Amino acid sequence: MTWITGAASEPAPAAGALSDVEMWRHEAGRLGWATGCTPVVAVVAVAAVAVLAAGDGAGRPQVSLVLLTGLEALLPLAVAMAATSVVATDRARELHLSLPTRYATVLGRRLALLAGATAVVAVVFTGVLWAAGLWSGPPVAASPLLWAPATAWLGALAVFVALLTRSLLLATTAAGGVWLAHQLFASGFAAHAWARPLYLFPVSRLDAYPGWMTDRLLLTATIVPFAVGVVILLRRPERMLTEEDV
Amino acid sequence: MTGVRATLAVCRYEFRMQIRRRSLWITIALVAGALAAGRFGMGPRYAPAPPGAPAREVMTRWAFLFSVILPIAFGMALADRLLRDRRLRTAELLASLPPGPAGRLTGTFLGGVAATGAPALAAMLVAAGYETVRRGDLTMIPWGLAAFAAVLAPALVFVAGYALVCPLVLTAPLFRVLFVGYWFWGNVLLPATLPTLTGSLLSPIGSYAASWLLGTPVLYAGIPGPLPVLRPEPTGSAAAASIALLVVAGLVPLLAVGLLRGRRRTA
């Protein structure tokens with residue numbers, strides 16, 4: 001158990017302690033296959049819809065748009081839901097809180113694993129689309145701006161709500177509701193200059209207007225309040241012991 | 001008779017357990033409140049009703065407005081109800097009790113639907129109360145109840161059937177992602193964009209019932225698309241057929257799981 005209890009001020013781990021690789025492997029196991037595979041499932045679902053559309057006679061541009069929408073919209077939703085599960089459902093929370101390693105560190109590792117898996121899946125998916133000639137988004141070098149800000153924003157919102165309310169129901173509904181509202185009211189966001197930078201899916205829904213890249217960076221900046229809120233809430237992780245949704 | 005009593009007992013238990021979930025009430029209140037607040041600016045184009053509109057139209061527009069996003073909360077709330085027994089390791093204990101698998105499933109479904117629908121019904125009644133005061137028309141409340149029954153209740157039954165059963169196979173996180181994606185694809189996305197059930201009798205957003213109550217097609221009811229047989233003109237009988245189809249389709253996954261569990265018990 002040294003890998004859990006080990007802290008910077010403590011003596012070096014004893015011989016036979018778990019290595020970093022083993023620790024990350026353990027955290028991947030705790031993440032669960034369903035959560036860890038969510039990004040893959042999202043892109044597979046999008047690919048299936050694209051195949052369905054192609055089978056129905058959709059043209060290449062339409063199929064390409066479906067695939068782009070998957071990367072820009074469905075992947076962030078999937079990751080936000082998965083992040084909510086990471087935060088809201090941990091059966092060994094009491095055990096973690098009794099150990100020297102901060103619970104925030106443990107959650108951070110798991111969320112980092114999810115973020116890493118998401119990045120790998122998104123980059124590979126982008127590469128495959130580009131190689132197949134189905135990429136209709138921005139230059140490939142700027143492709144992370146397509147999915148990363150929206151994923152981080154929606155994920156940060158979901159984690160923040162999960163920690164604040166201690167409710168899986170509220171957190172997942174918030175993420176799902178915000179996602180759906182952005183899909184439904186795209187024209188409303190486009191109509192107001194102040195709302196445009198906050199729009200999550202500008203490339204697939206608003207046709208990547210000039211200046212969308214700056215707006216993506218502005219969107220990324222709006223994650224800061226959520227991140228600060230998450231850090232503050234994790235300073236008292238014992239609040240999570242009384243969550244309603246067991 | 002004992003079976004019915006046992007099922008009702010399960011239903012009562014599930015209802016009382018769910019109705020006490022503060023997060024359920026808060027979630028529905030927040031979503032309904034956000035939709036009500038946003039309807040003047042960015043809401044769907046059929047809300048709100050103009051001054052002097054009849055109560056039927058006013059309250060149908062409210063139900064229609066709520067049905068756009070509120071079922072997401074229904075699905076999220078019910079997604080872990082059957083998984084919960086497994087996670088808390090009470091499944092075996094519950095299996096040893098008198099109600100059989102079918103009775104327990106039916107009771108859980110009915111109790112879950114009733115409890116999840118209660119905050120949504122409360123939201124409709126608050127909207128009806130607001131409109132009664134604002135427009136001075138006492139028929140807002142009965143029309144609010146009717147709009148809830150025609151537009152929101154079938155959506156709740158449909159969503160509940162899948163939200164209870166699908167997570168058993170997909171796991172709850174995957175179900176939640178796919179459910180939100182489905183809601184957008186199957187209810188809002190135009191068939192011209194992708195093959196979708198939007199605007200068909202099987203759209204749980206309630207486009208046919210709302211169209212019938214409003215007297216004008218809304219939310220693409222009857223729009224040309226795949227499965228033309230499911231896209232008749234939005235009339236009263238089509239609305240009734242849509243409600244019936246949604247309820248039956250919502251019961252299909254429950255029947256499948258009930259049969260499967262019953263067979264496993266006999267084996």
Side-chain angles (χ1 to χ4, degrees), chain A residues 32-35 37-38 41-42 45-46 49-50 52-53 55-58 62-63 65-66 69-70 73-75 77-86 89 91 165-181 183-189 191-192 195 243-246, chain B residues 18 20-32 34-35 38 41-45 68-81 83-84 87-89 116 167 170-185 187-189 191-196 225-226:
Chain A
W33 71 268
T35 309
C37 291
T38 305
V41 172
V46 168
V49 173
L52 189 72
D56 198 54
Q62 209 172 340
V63 171
L65 180 64
V66 169
T69 305
L74 194 63
L75 188 68
L77 174 69
V79 174
M81 292 292 181
T84 310
S85 297
V86 171
T89 52
R91 273 172 264 172
T165 63
R166 293 164 285 168
S167 165
L168 187 64
L169 169 58
L170 258 165
T172 50
T173 305
V178 166
W179 186 90
L180 197 59
Q183 293 289 356
L184 291 172
F185 308 135
S187 54
F189 279 94
H192 301 94
E243 90 270 33
E244 188 184 29
D245 303 305
V246 181
Chain B
Q18 280 249 54
R20 290 174 186 166
R21 281 176 85 181
R22 268 181 306 167
S23 60
L24 178 68
W25 288 89
I26 295 170
T27 303
I28 302 275
L30 285 178
V31 174
L35 284 167
M42 295 158 70
R45 55 191 264 242
V68 174
I69 296 185
L70 220 50
I72 296 285
F74 298 160
M76 300 298 160
L78 293 165
D80 61 351
R81 299 322 289 169
L83 283 178
R84 195 172 176 275
R87 196 166 58 232
L88 296 179
R89 303 192 195 288
T116 313
L170 293 171
T171 73
L174 283 186
F175 168 76
R176 289 183 173 115
V177 176
L178 296 176
F179 173 60
V180 177
Y182 154 76
W183 193 258
F184 179 62
W185 167 78
N187 292 287
V188 187
L189 204 64
T193 319
L194 275 178
T196 164

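Because the structure is predicted, anything quoted here is derived from the model rather than measured. Chain A is the first sequence line, chain B the second, and so forth, proteins listed ahead of strands; every chain is numbered from 1.
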With a 4.5 angstrom heavy-atom cut-off, could you sort out which part of B:L174 is near chain A: side chain, backbone, both or neither? side chain
In Å and rounded to the nearest 0.5 Å, what is the CG to CH2 distance from A:L184 to B:W183? 11.0 Å
Most heavy-atom pairs under 4.5 angstrom with chain B, which of A:T84, A:L180, A:L77, A:L52? A:L180
Could you look at A:T38 and say if it's the side chain, the backbone, both or neither that has a heavy atom under 4.5 Å from chain B? both
Name the member of A:L65, A:D56, A:V49 that forms the most heavy-atom pairs with chain B at distances under 4.5 Å. A:D56
Hey, which of B:A34, B:G75, B:P195 has the most heavy atom pairs under 4.5 Å with chain A? B:P195
Looking at CZ of B:R22 and CG of A:L169, how far apart are the two atoms once the value is rounded to the nearest 0.5 Å? 12.5 Å
With a 4.5 angstrom heavy-atom cut-off, which part of A:A58 approaches chain B: side chain, backbone, both or neither? neither
Chain B heavy atoms under 4.5 Å from A:V63: which part of the residue, side chain, backbone, both or neither? neither
With only heavy atoms counted, which part of B:L30 is less than 4.5 Å from chain A, the side chain, the backbone, both or neither? side chain
If I compare all heavy atoms of A:Q62 with all of B:L194, which pair ends up nearest, and what's the gap? NE2-N, 4.3 Å
Nearest atoms (heavy-atom pairs only) where A:L170 meets B:S23: CG-O, 4.3 Å
Within this structure, what is the OG1-CE distance for the pair A:T172 and B:M76, rounded to the nearest 0.5 Å? 5.0 Å
Report yes if the side chains of B:V177 and A:V41 come closer than 4.5 Å at any heavy-atom pair, otherwise no. no
Check B:P173 against A:S85 and note the closest heavy-atom contact, atom names and distance. CG-OG, 3.3 Å
Most contacts with chain A, counted as non-hydrogen pairs under 4.5 angstrom, among B:I72, B:T171, B:I69: B:I69
What's the separation between atom CE in A:M81 and atom CZ in B:F175, rounded to the nearest 0.5 Å? 10.0 Å
